[in-house]
S.K.: 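Below you will find the structure I want to go over with you.
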Amino acid sequence: MKRTHFTLLEVVISIAILALSLAGLFRLLGHSQKRISEAEDQWRHMHMLTQGAEYFMLAGREEDLHVPDEIFPYPDYVIECTIEDAEGIPEEFKNQEGQIPLKKWTIKLIRTSDRQECGEVIIDRLDYSSAESEDDEAL
């Protein structure tokens, strides 16, 4: 019967290889966990931004630019909306008779603790409220 014995050098080398493998595995796991956390934060911010944008689009008027707490129940964040005239419209399409004006709605998600902007969406939208007010004035 033949017995095999490991030398001290072989045992030390195998432990070193095992230690390097474990270190690489733990580093990979830590990096993966960080990426998962960042993806979760990004998803949460996009969800809040979408929720605010949906409210503004359904409200539809410039007077309703405040989102109620029942619709947006996130105390650490605030959603802001600004409305301005759309940019980049060719001159031949501007100021035509009976034309409904195009507005640019800029909706931002802002963290209240450090006033950092977490996301932004820009929506081009026809402004039917000004067309309705012109119709009311014509009557």
Side-chain angles (χ1 to χ4, degrees):
M1 203 178 335
K2 186 176 178 183
R3 288 186 104 181
T4 57
H5 297 285
F6 295 107
T7 64
L8 181 60
L9 183 60
E10 291 172 332
V11 172
V12 169
I13 290 174
S14 64
I15 290 174
I17 292 172
L18 180 65
L20 287 174
S21 300
L22 288 175
L25 177 65
F26 288 140
R27 183 173 178 207
L28 180 66
L29 289 175
H31 185 66
S32 297
Q33 199 166 21
K34 179 184 172 199
R35 290 189 59 181
I36 289 170
S37 176
E38 289 171 355
E40 183 182 14
D41 286 344
Q42 186 179 14
W43 178 86
R44 187 176 344 104
H45 291 157
M46 189 55 63
H47 174 72
M48 289 187 278
L49 188 59
T50 303
Q51 192 172 2
E54 286 176 355
Y55 175 79
F56 288 130
M57 293 297 100
L58 289 173
R61 294 186 311 244
E62 293 186 30
E63 299 84 33
D64 297 330
L65 292 182
H66 173 72
V67 182
D69 291 338
E70 303 86 50
I71 304 294
F72 193 77
Y74 308 104
D76 298 338
Y77 293 89
V78 66
I79 194 117
E80 294 178 354
C81 180
T82 57
I83 300 173
E84 50 194 36
D85 290 333
E87 302 168 349
I89 299 174
E91 288 299 322
E92 61 265 15
F93 296 115
K94 291 183 179 179
N95 301 325
Q96 294 183 0
E97 185 177 331
Q99 178 182 13
I100 299 173
L102 184 64
K103 299 288 184 171
K104 178 174 92 171
W105 292 51
T106 305
I107 302 167
K108 296 180 182 181
L109 178 68
I110 299 171
R111 186 180 311 130
T112 55
S113 61
D114 57 358
R115 295 296 296 168
Q116 179 183 358
E117 183 179 317
C118 299
E120 175 184 83
V121 65
I122 297 173
I123 300 171
D124 291 331
R125 178 184 172 145
L126 295 173
D127 185 16
Y128 292 106
S129 62
S130 65
E132 291 171 358
S133 62
E134 289 176 7
D135 290 343
D136 291 342
E137 290 174 7
L139 293 176

S.K.: State the OG1-CG distance between Thr50 and Leu109, to the nearest 0.5 angstrom.
M.R.: 10.0 Å
S.K.: Go through the structure and list residues passing side-chain hydrogen bond (donor to acceptor under 3.5 Å, both in side chains) with Gln42, not counting sequence neighbours.
M.R.: none
S.K.: Do Phe56 and Val67 have side-chain heavy atoms sitting under 4.5 Å apart?
M.R.: yes
S.K.: Under the side-chain hydrogen bond (donor to acceptor under 3.5 Å, both in side chains) test, which residues partner Gln116, sequence neighbours left out?
M.R.: Arg111
S.K.: Verify, without hydrogens or angle tests, whether Arg125 (side chain) and Met57 (backbone) share a donor-acceptor contact under 3.5 angstrom.
M.R.: yes
S.K.: Measure the OG-CG distance between Ser14 and Leu18 for me, rounded to the nearest 0.5 Å.
M.R.: 7.5 Å
S.K.: Taking a hydrophobic cluster as the set of Ile, Leu, Val, Met, Phe, Trp and Tyr residues connected by side-chain heavy atoms closer than 4.5 Å, whether directly or through intermediates, do Ile123 and Phe72 fall within one such cluster?
M.R.: yes
S.K.: Thr112 and Pro75: which non-hydrogen atoms are nearest, and at how many Å?
M.R.: OG1-O, 3.9 Å
S.K.: What closest approach, in Å, do Leu49 and Val121 show between heavy atoms, and which atom pair accounts for it?
M.R.: CD2-N, 4.0 Å
S.K.: Any donor and acceptor pair, going by atom type alone, linking the side chain of Thr106 with main-chain N or O of Ile122 inside 3.5 Å?
M.R.: no
S.K.: For a 4.5 angstrom cut-off between non-hydrogen side-chain atoms, does His31 reach Arg27?
M.R.: no
S.K.: Using the rule that two of Ile, Leu, Val, Met, Phe, Trp, Tyr join whenever any of their side-chain heavy atoms come within less than 4.5 Å, decide whether Leu22 and Ile15 are in one cluster.
M.R.: no
S.K.: Which label fits His47 and Tyr74: parallel for a plane angle under 30°, tilted from 30 to 60°, or perpendicular past 60°?
M.R.: perpendicular
S.K.: Should we say atom CD of Gln33 is surrounded by more than 12 heavy atoms from elsewhere, each under 6.0 Å from it?
M.R.: no
S.K.: Is the shortest distance from a Lys or Arg side-chain nitrogen in Glu80 or Arg115 to a carboxylate oxygen in the other one below 4.0 Å?
M.R.: yes
S.K.: At what distance, to the nearest 0.5 angstrom, does CD of Glu87 lie from CG of Asp124?
M.R.: 9.0 Å
S.K.: Distance from Ser113 atom OG to Asp76 atom CG, nearest 0.5 Å?
M.R.: 7.0 Å
S.K.: Give, for atom CD of Glu117 and atom NE2 of His45, the distance between the pair rounded to the nearest 0.5 Å.
M.R.: 11.5 Å
S.K.: Contact between Ile107 and Ile79 at the side-chain level, heavy atoms closer than 4.5 Å - yes or no?
M.R.: yes
S.K.: Verify the cluster assignment for Leu9 and Ile17: are they in a single hydrophobic cluster under the rule of side-chain heavy atoms below 4.5 Å apart?
M.R.: yes
S.K.: Charged N to carboxylate O below 4.0 Å: is that the case for Lys103 and Asp85?
M.R.: yes
S.K.: Kindly say whether Thr7 contributes a backbone atom to a donor-acceptor pair with the side chain of Glu10 at under 3.5 angstrom?
M.R.: yes
S.K.: Does any part of the side chain of Tyr77, heavy atoms only, come nearer than 4.5 Å to the side chain of Arg44, both counted from C-beta?
M.R.: yes
